[in-house]
Amino acid sequence: MTHPLLDLAPLTADRFAAIERRVAALLGTGHDVVVTQGEALLPLEGGIRSGARPGSTALNVITGPYGQTFGDWLRDCGATVVDLEVPFHTAATAEQVAGALERHPEIDFVSLVHAEAATGNTNPVAEIGEVVRAHGALFYLDAVASIGAEPVLPDAWGVDLCIIGAQKAMGGPAGVSAVSVSPRAWERFAANPAAPRRSYLSLLDWKERWIDGGRRALLHAPAQLEMLALEACLDRIDAEGLDALTARHASAAAATRAGVLALGGGLEPYVHEAREAAPVATTLRTPAGVDASLLVAAALEAAPASGPGGAAPALPLAAGGGALAAEMVRVNHYGPAATPGTVRACLTALGAALAATGREVDTDAALRAAAEAWR
Ligand SMILES: *Cc1c(COP(=O)(O)O)cnc(C)c1O
């Protein structure tokens with residue numbers, strides 16, 4: 001008996017290249033795209049280790065936990081790091097980036113996270129990209145949490161390294177990722193003696209042995225199940241349309257925000273300005289005296305079971321990570337969870353959990369506001 005997951009024909013180089021072309025189309029990029037065989041941390045780390053070197057100076061924009069990690073990698077590479085940290089309830093601005101570049105003209109690398117699923121903010125990449133391009137630094141962008149949830153336009157924005165993963169708004173597998181690489185990024189890598197070579201982290205290996213070789217021979221056996229899942233994920237996005245997918249995420253964010261504002265009970269959007277709130281996930285601040293982890297646990301408990309045998313998918317609610325666990329609730333309304341039904345269920349569950357703490361909530365008003373805000 002053949003097993004549908006185990007007894008597969010090997011994935012050919014042609015099929016791998018075709019999937020890569022479709023990822024490039026999704027990014028609307030004319031640059032090389034490398035589909036990397038691992039979770040997005042692989043190209044995120046590979047891109048930094050390839051582009052940064054002792055003697056380089058990097059501007060690292062921190063709007064959430066990933067920016068902290070990038071700073072650690074950059075320092076580990078011997079780069080001098082200028083950290084630009086903005087409070088997690090807001091976004092970075094082009095003016096702040098321009099100011100840092102003026103104060104440190106030696107900056108030759110800028111790392112930025114587009115949207116932060118962990119803190120719920122999104123940064124104005126088009127405007128920041130203009131400033132970075134005028135300065136001439138290499139521009140590295142983590143678009144893992146924005147791809148599929150909002151427009152990601154690396155070529156139009158002057159992004160040299162745009163890293164994506166399929167596991168958030170694309171609704172795809174977590175075990176593959178991709179990076180688009182501009183010609184000037186390839187030049188920088190090639191001139192960097194410290195760039196990983198003959199290594200799983202190496203992007204240059206893929207350039208020299210896969211791309212320059214005409215995409216005929218893969219470097220190693222590809223992560224076959226993940227590649228097939230990525231292909232299926234791209235099929236599903238094509239069927240829905242990328243614009244419809246991003247619109248669904250924008251609606252989920254708008255509905256969640258409007259619903260929470262109408263709910264009352266002291267729960268508030270964590271990101272103050274709606275335009276700085278990421279479409280991928282909405283973060284909420286709990287009222288003083290309400291621990292976010294306990295509120296999430298109570299909300300998940302309150303969610304009514306449905307479906308055959310009472311089994312419903314768990315609501316996409318989580319407390320913030322680390323120090324944020326006490327004060328931040330994350331509504332991860334991405335991928336298949338970006339639906340009116342999921343937003344309604346999250347609002348209802350949060351309302352019930354807040355009511356149980358003795359706070360006054362108006363769940364009906366929240367559901368009405370959410371329905372009106374869904375565009
Ligand atoms: C989710 C995410 C990643 C990938 O990390 P995982 O925690 O492994 O899913 C990278 N960058 C950002 C901004 C993300 O939101």
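What you see is a predicted model; the values in this text were computed from it and never measured. Every number for a ligand or one of its atoms is a count from 1 in the order of the listing.
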Do [X] and [Y] have a side chain donor and acceptor closer than 3.5 Å?
X	Y	result
S177	T36	yes
E106	T57	no
N121	T119	yes
R184	S182	no

Pull out every atom of ligand 1 sitting under 4.0 Å from any heavy atom of [X], numbered as shown with elements.
X	result
V113	13 (C)
A117	15 (O)
A145	15 (O)

Does the N or O separation between E116 and ligand 1 drop below 3.5 Å for any pair?
no

Of all the non-hydrogen atoms in the protein, which one sits nearest to [atom], and at what distance?
atom	result
atom 15 (O) of ligand 1	K168 NZ, 2.7 Å
atom 11 (N) of ligand 1	D142 OD2, 2.6 Å
atom 7 (O) of ligand 1	Y66 OH, 2.7 Å
atom 9 (O) of ligand 1	Q167 NE2, 3.1 Å
atom 8 (O) of ligand 1	E39 OE2, 2.6 Å

Looking at ligand 1, is there an atom of it that comes within less than 4.0 Å of some heavy atom belonging to L41?
no

A174 to ligand 1, any heavy atom closer than 4.0 Å:
no

Can you tell me which residue among H333, R330, R257 is in a side-chain hydrogen bond (donor to acceptor under 3.5 Å, both in side chains) with T282?
H333

I'd like to check the side-chain hydrogen bond (donor to acceptor under 3.5 Å, both in side chains) partners of R248; sequence neighbours left out, ordered by chain and number.
E240

Identify, with sequence neighbours excluded, every residue that meets side-chain hydrogen bond (donor to acceptor under 3.5 Å, both in side chains) alongside T283.
none

Would one find more than 12 heavy atoms of other residues, nucleotides or ligands at under 6.0 Å from atom CZ of R215?
yes

Which is it for A115 and ligand 1 at heavy atoms under 4.0 Å: side chain, backbone, both or neither?
backbone

